[in-house]
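In what follows, chains carry the letters A, B, and so on, assigned in the order in which the sequence lines appear, proteins first and then strands, with residues in each chain numbered from 1. As the structure is a computational prediction, the values presented were derived from the model and not from experiment.
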Amino acid sequence: MIRLNNIFVKFGDFEALRDINVHVKEGQFYTFLGPSGCGKTTTLRTITGFIEPSAGSVFMAGNDITHVPIEKRNIGIVFQSYALFPTMTVYDNIAFGLKIKKLNKQEIDKKVRTIAAKVDLSDEQLEKAVSQLSGGQQQRVAIARALVTEPAIICMDEPLSNLDAKLRVQLRNELKKMQREFGITTIYVTHDQEEALTLSDCISVFNHGVIEQTGTPNDIYNHSQTEFVANFIGDINKLEGQITSSLGLDDKQNHFIRLERIRVGDNGGFEGVIDSQEYYGLYIKYYINTGGQVLKVIEKNDGVNIYRPGDKVNVIINPQDIMSYAKG
Amino acid sequence: MKQNTFDAGFIAKIFGLVLFLYLFLGFMVLPCLNTLTSIFTTKNAQGSIDPFAVIKFFWAGTMPSFVWNSLKLAVCLVITVNVVGISIVLLTEYFDIKGAGILRMGYMTTLIYSGVALVTGYQFLYDTNGMLTTWLAQMFPYMNRQWFSGFNAVLFTMTFACTSNHALFLRNAIRGIDYNTVEAARNLGASPFRVLFSVVMPTLLPTLFSLTVMTFITGLCAMSAPTLLGYNSINPEIVRVQCGR
Ligand SMILES: Nc1ncnc2c1ncn2[C@@H]1O[C@H](COP(=O)(O)OP(=O)(O)OP(=O)(O)O)[C@@H](O)[C@H]1O
Ligand SMILES: [Mg+2]
C-alpha cells in the first residue's frame, strides 16, 4: 500500500532521517514508535507530502508519489492538535473536504451524517462550534473529517496525547474498533509503547532518525534486535557481574532480561533477599538483592506466595529468556 | 489571624475599587460628558447658547468641503491600508518569499517615527527640493516639482505610516493561527488561495475589523500629514480657525 524506499530528509545540515524503509500493507495498523525528536513526525510528513525527501522515494499502491502535491495524494490526516477549523461548525468541518470536491448538497449531507453516526456524533453536536466540544469529541470530529473523503490511508500523529490517561485508554480501544470497522490502512505515530503494543499489527521503532527494528508487537517486545529497542519497550534488567559470569555469558556483550521472565522460587537459581515490594494488585513488583545487583521482578499475584522485605528467595533465570547485544 | 487576612483583603478590594472608579470616571466618563456639554452649550455668532452651533459650524461656508475631504481621506485610507497591510503580512508570513525579512524591517521602522518626523522624512525625499524630486527633475527637466502634495501625497504618506501598525497587529493574529489547520485544509484538497479565503481570513476578521475602525479614525483625525503636505481636511482647519480668532 505504502512503501518508503531509502528515505533521507535533511533540514539544513541536520540529517533528520537516514535511510528509512517502511512497507505498510493494505488494511494494516502500522505504528511509528520512538522517543521525542527521533523523526516520527518527519517520516509521516514525508508520506503525506508536507516534506520532500532529499533522497529516496515514496510509493503508494505501486505508484511513485514522491513529487505528487499534498492535495492529490488522497491521504487522510488526524493531527495531534486536531487542527479543526475554529470559525466553522462541526458540520462544516466534516463537510470541508467534500465541498472542495464539489459534491452536491444532498450527497454532502448524507456522507457527513453517515460518518458522524459512525464516530458517535449526534445531530445536535454537528451544529455546535468546535470550541464547544470536549477533547474526546474534537478528536472524533478530526477522525470524521479525515475519513469522510474516503482516503486510501489515514495518518494519525499522536492523536491521543492531548487527553487524560483514562480517556486515552478508552479512545484507544474505540480507535482500534473503528479501524477494524472501516478496514482502513492506518499509520499511527506515538511515543507511548503501551499504545503501540496494544494497537498495532506492525511497529517500526525509531531512534535518532533511523529505524532500529520493524516487526510485530511480540517481535519487538520479546525479540528486540537492539539494545535501544529492548530498553525503550517495557522495563528491563541489565545483568551484571556475578550473574553473567555464573551463567557463563559472553562478557563482550550486554545482557538483558524482562521483569516477568525472572521467576521467584524456593530452590535453584541464585539466592537473594527481597529489598522492597510494590503492590499493584494485578501483579507484585519485587526488588531482589542478589548480592551483586538488585533485580526487578514481576510476579503474578496468586494471593498465596507473597514475599515481604527481608524474605530469602531463589531467583530463577532461564538462559533462553536473556537478550544479548554487542557492547558498543 | 483570620480576621486580619479578611481585613487586608477587604482593604485591598476597596482600594482597587476606588482606583478603578477614579480612572473610569476621571478618564472616561467625565471627558465625554464635558465634550458633550460644551457641544450643546456653545454660543453661536449672535452670542446666545445654541445646541446646534457646532453642527452648524460644520455646515457653514467652506466647512462641508473640509469635512468631505476628511471623510474621503479616511475611506481611501481604510482601503489602501488594508490592501497594503494584508498583502505585506501575507507575503512575509503566509507565503514563502525571498527577502521577506528586509521588507518587514522596512515597514516596521516606520513604527519608530512619529507622524511629523515621518512626513518630514517623506518631504526630504519627495518635496519640491527633495532628493528624489531633484534627481527626477535632472532626468525629466519638465516635470512638475510640486508633484508630491495634496490628496495623493497625504494618502501615500499616511498609508505607509498606518500600515506598520496594521501589519503589526495582523501579523500577531496570523501567527496565532494553528498552522496545522492550514495543512489540514491543504490535505483535504484545498488550493492555497482557497485555504486563504476559507480558513485563514475568517480567523483574521475580528482583528481586521478593529484595524479598519482604527485606520478610519486615524484618517478622519489626521493632522500632521495634511498640514505639511497641503491638504484641506477638517482637523488642520479647526486648528486654523481656533488660532485665527
Ligand atoms: N522544519 C524543521 N526544521 C528543522 N528541523 C526540524 C524541522 N522539523 C523537525 N526538525 C528536527 O527533526 C528532528 C525530528 O523531528 P520530528 O518532529 O520528526 O520528531 P518526532 O519524532 O515527531 O518527535 P515528537 O515525539 O517530539 O513529536 C528533531 O530533532 C527536530 O528538531
Ligand atoms: Mg512528532
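Residues B/Ser198 and A/Phe96 are in side-chain contact: their nearest non-hydrogen atoms beyond the backbone lie under 4.5 Å apart.
With a 4.5 Å cut-off on non-hydrogen atoms, A/Leu98 does not touch chain B at all. Both the backbone and the side chain of A/Arg145 have a heavy atom closer than 4.5 Å to some heavy atom of chain B. For a residue to count as touching a neighbouring chain, one of its non-hydrogen atoms must lie under 4.5 Å from one of that chain's; by this rule B/Asp178 touches chain A with the side chain only. When heavy atoms are compared at a cutoff of 4.5 Å, B/Arg186 approaches chain A by way of both its backbone and its side chain.
Among all heavy-atom pairs drawn from B/Glu183 and A/Phe79, the shortest one is OE1-CE2, 3.6 Å. Counting all heavy atoms, side chain and backbone alike, B/Ala190 lies closest to A/Ile100 at CB-CD1, 3.1 Å.
Around the CD atom of A/Glu26, the shell of radius 6.0 Å holds no more than 12 heavy atoms that belong to other residues, nucleotides or ligands. Heavy atoms of other residues, nucleotides or ligands lying less than 6.0 angstrom from CD of A/Glu181 number more than 12. Other residues, nucleotides and ligands contribute over 12 non-hydrogen atoms within 6.0 Å of the CZ atom of B/Phe156. Residue A/Arg3 qualifies as open at atom CZ: its count of foreign heavy atoms under 6.0 Å is 12 or below.
Ranked by non-hydrogen atom pairs under 4.5 Å with chain B, the options A/Ala83, A/Ala142, A/Pro69 are led by A/Ala83. The most heavy-atom pairs under 4.5 Å with chain B, out of A/Ile75, A/Val148, A/Thr48, come from A/Ile75.
Atoms CG and OG1, on A/Asn93 and B/Thr181 in that order, are 10.0 Å from each other to the nearest 0.5 Å. Considering OH of A/Tyr82 and CG of B/Asn180, their distance stands at 12.5 Å, rounded to 0.5 Å. Separating the OG1 atom in A/Thr149 from the CG atom in B/Asn187 is a distance of 7.5 Å, to the nearest 0.5 Å. Here the CG atom belonging to A/Asn74 is positioned 10.5 Å from the CG atom belonging to B/Leu188, to the nearest 0.5 angstrom.
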